[in-house]
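One structure is given here, and the rest of the page talks about it.
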Amino acid sequence: MDIFELLDNKFNLCNQVDGLNTMLFRDRPLSYGADCTFAQAFEKKLLRSWEYSMGRLTFKELFSDLNLYEHSNPKQVVKQPENEQQAYLYLQLGINMLFYARENLDAFREYYWDAHKFFMETMKKYSYIVDKAGLQLVEHTQKKYSMLVPRNEKIRTVAENTDKDTAILLYEYTSLLLKGNYKKKREILKLLANKIEPMSKVYRAKYQSGLGFDIFKDLDLILNNFEIRHPNMDSKIEKNYKEALIKYTPKEWEEIYDTAYQMILEAFLVDNYNNVYSKIIQKHKDKVGLNK
C-alpha cells in the first residue's frame, strides 16, 4: 500500500464534510478587501433569491431549523456533523448552494480575486466525498435541485428504462435522508403504485403462475393492504386502519414499505425483460438459427 492509498483508506465522512464546511462557512479567501466567507457573500447576494432558502433570510435561520447551527460559537455558523445523516444534510445543501452560486458567478466578483478557482477547488472536494461515500447526484426533474442518493446498479438500470418522473421517485425513495421516515416513503410508494397497477393487471393475466405472477401478486397484496392504495385512501387517518395495523411500529412500517420498493424494482425488471431484453435475445436467436 502506498501513501496515497493509505490516505484514501483513512476517509472519514464526518471529518471530510466538516473540512468542506470550513471552505464554505469559515475560510475567508483572498479578496479585494471584503473580508467575507463564501457563506457571508452568498447570504448578502443570493440567499433571498435562492428558491431553496424557503423564505429564510439568514443562514442562522436556515441551519437552526435543520438543527445544524453552532449556537455556542456563532462565528463558526455550522457545527461539526455528529453523524452520517447530518453529513448528508450538509452535502446536499452545500452542493445546491454551489450550483446556484456558479450560475450567478458575477455576484462574487467583488469578493474574490478568482471566484472561478474557488468553485473549482470546492467542487473537487465535493466530488471526492460523493464518490468515496458511494453516492451519486441526481437532478430532480421538476424541482430542479440535485439529490444525493446511493449508487445502485439495479436502480440505475430500472430508472434508465422508465419515464423521468418515475425515475426520480425511484431515486428519491433511496435518499439517505429518508431513513426512518416511513410516512414520506409511503407517499412515494403511493405515486409508484399508480405506475404499477396497470402493469400488474397485464402480467398477472399473462403468467397465471410462477415467479412473475408471484411478484405482482405479492406486490398488489402490500399496495392494497398496508395503507398505500387501499382501503384507507387517506393514510393520515389512523383510526381507519385495519385493527392489526394500528399496532404497527415505525420499524415494521419501514420494513414492509422497503420490501414493497424492492418488489417494485423487480416488477420493472420483469417488464424490461419482456419489452426489451427478450426481443433482443430473440433477434439474435433468429440470426444464428437457434429457434430450429
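From a predicted model like this one, the values you see are computed outputs, not experimental measurements.
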Under the 3.5 angstrom rule, does the side chain of [X] hit a backbone N or O of [Y] as a donor-acceptor pair?
X    : Y    : result
D18  : C14  : no
E255 : K251 : no
Q92  : L148 : yes
T174 : Y171 : yes
N96  : S146 : yes
T166 : T162 : no
S49  : L46  : yes
N15  : F11  : no
N161 : T157 : yes

Exercise for the section: For side-chain contact (heavy atoms from CB on, under 4.5 Å), just list the numbers for Q136 and V130, CA-CA rounded to whole Å, side-chain angles, deciding distance to a tenth of an Å, and then say yes or no. Expected result: CA-CA 6 Å; Q136 65 175 335; V130 168; 5.6 Å; no

Looking at [X] and [Y], what are the two nearest heavy atoms and their distance?
X    : Y    : value
L135 : R151 : O-NH1, 3.0 Å
K79  : R26  : C-NH2, 4.3 Å
E43  : L57  : CG-O, 4.0 Å
E227 : R186 : O-CD, 3.2 Å
G94  : Y126 : CA-OH, 2.9 Å
A193 : I228 : CB-CG2, 4.3 Å

[atom1] of [X] to [atom2] of [Y]: how many Å apart, nearest 0.5 Å?
X    : Y    : atom1 : atom2 : answer
M97  : T122 : CE    : OG1   : 10.5 Å
F216 : L223 : CZ    : CG    : 11.0 Å
L89  : L177 : CG    : CG    : 5.0 Å
L265 : I215 : CG    : CD1   : 11.0 Å
Y261 : I222 : OH    : CD1   : 14.5 Å
D214 : L221 : CG    : CG    : 11.5 Å

Does any non-hydrogen side-chain atom of [Y] lie less than 4.5 Å from one of [X]?
X    : Y    : value
S53  : E61  : no
L219 : E266 : no
D27  : T37  : no
L98  : L24  : yes
R229 : E197 : yes
Q86  : L68  : yes
K45  : N104 : no
L93  : F63  : yes

Practice task
Measure from NZ or CZ of R102 to the centre of the six-membered ring of F119, then state whether that distance is under 6.0 Å and the direction lies within 45° of the axis.
Solution key: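 Negative - R102 is either too far from the ring of F119 or too far off its axis.
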
Problem - Salt-bridge contact K195-D165 (side-chain N to carboxylate O under 4.0 Å) - result: no

Exercise for the section: Output yes when E187 and K183 qualify as a salt bridge under the 4.0 Å nitrogen-oxygen rule, no when they do not. Expected result: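 Looking at K183 together with E187, the answer is no, because their closest N to O distance does not fall below 4.0 Å.
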
Practice task
Kindly assign one of parallel, tilted or perpendicular to the pair W50 and F42, based on the angle between their ring planes and the thresholds 30° and 60°.
Solution key: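 It falls in the perpendicular class, over 60°.
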
Exercise for the section: Report the relative orientation of the aromatic rings in Y145 and H140; use parallel for angles under 30°, tilted for 30 to 60°, perpendicular for over 60°. Expected result: tilted

Atom [atom1] of [X]: over 12 foreign heavy atoms under 6.0 Å:
X    : atom1 : answer
M120 : CE    : no
K125 : NZ    : yes
K117 : NZ    : no
E252 : CD    : yes
K154 : NZ    : yes

Mind checking whether [X] and [Y] sit in one hydrophobic cluster, side chains of I, L, V, M, F, W, Y counted as touching below 4.5 Å?
X    : Y    : result
V288 : I280 : no
L105 : Y100 : yes
L13  : L66  : yes
Y90  : M54  : yes
I281 : V270 : no

Practice task
For the pair V78 and E70, evaluate side-chain contact (heavy atoms from CB on, under 4.5 Å) and give the outcome as yes or no after the intermediate values.
Solution key: CA-CA 5 Å; V78 291; E70 184 55 88; 5.9 Å; no

Practice task
Please assess K124 against E121 for the test salt bridge (charged side-chain N to carboxylate O under 4.0 Å, His left out), listing each intermediate value before the final yes or no.
Solution key: CA-CA 5 Å; K124 186 180 294 185; E121 291 174 348; over 6 Å; no

Exercise for the section: Decide yes or no on side-chain contact (heavy atoms from CB on, under 4.5 Å) for Y273 and F268, but give the supporting numbers first. Expected result: CA-CA 9 Å; Y273 167 74; F268 276 114; over 6 Å; no

Exercise for the section: Step through it carefully: locate the ring centre of F108, locate the ring centre of F118, and say whether they are under 6.0 Å apart. Expected result: no

Handout entry: Trace of the side-chain hydrogen bond (donor to acceptor under 3.5 Å, both in side chains) decision for S200 with D220
Key = CA-CA 8 Å; S200 180; D220 280 343; 2.5 Å; yes

Problem - side chain to side chain donor-acceptor pair (under 3.5 Å) involving Y128 - partner list, sequence neighbours excluded - result: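 Here the qualifying residues are D8.
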
Exercise for the section: Test F59 against F25 for ring pair (Phe, Tyr, Trp, His ring centres under 6.0 Å), laying out the working first. Expected result: CA-CA 10 Å; F59 276 118; F25 298 97; 5.7 Å; yes

Practice task
Please test L137 against V149 for side-chain contact (heavy atoms from CB on, under 4.5 Å), starting from the C-alpha separation and ending with a verdict.
Solution key: CA-CA 7 Å; L137 280 172; V149 297; over 6 Å; no

Handout entry: Side chains of D258 and Q262, donor plus acceptor under 3.5 Å
Key = no

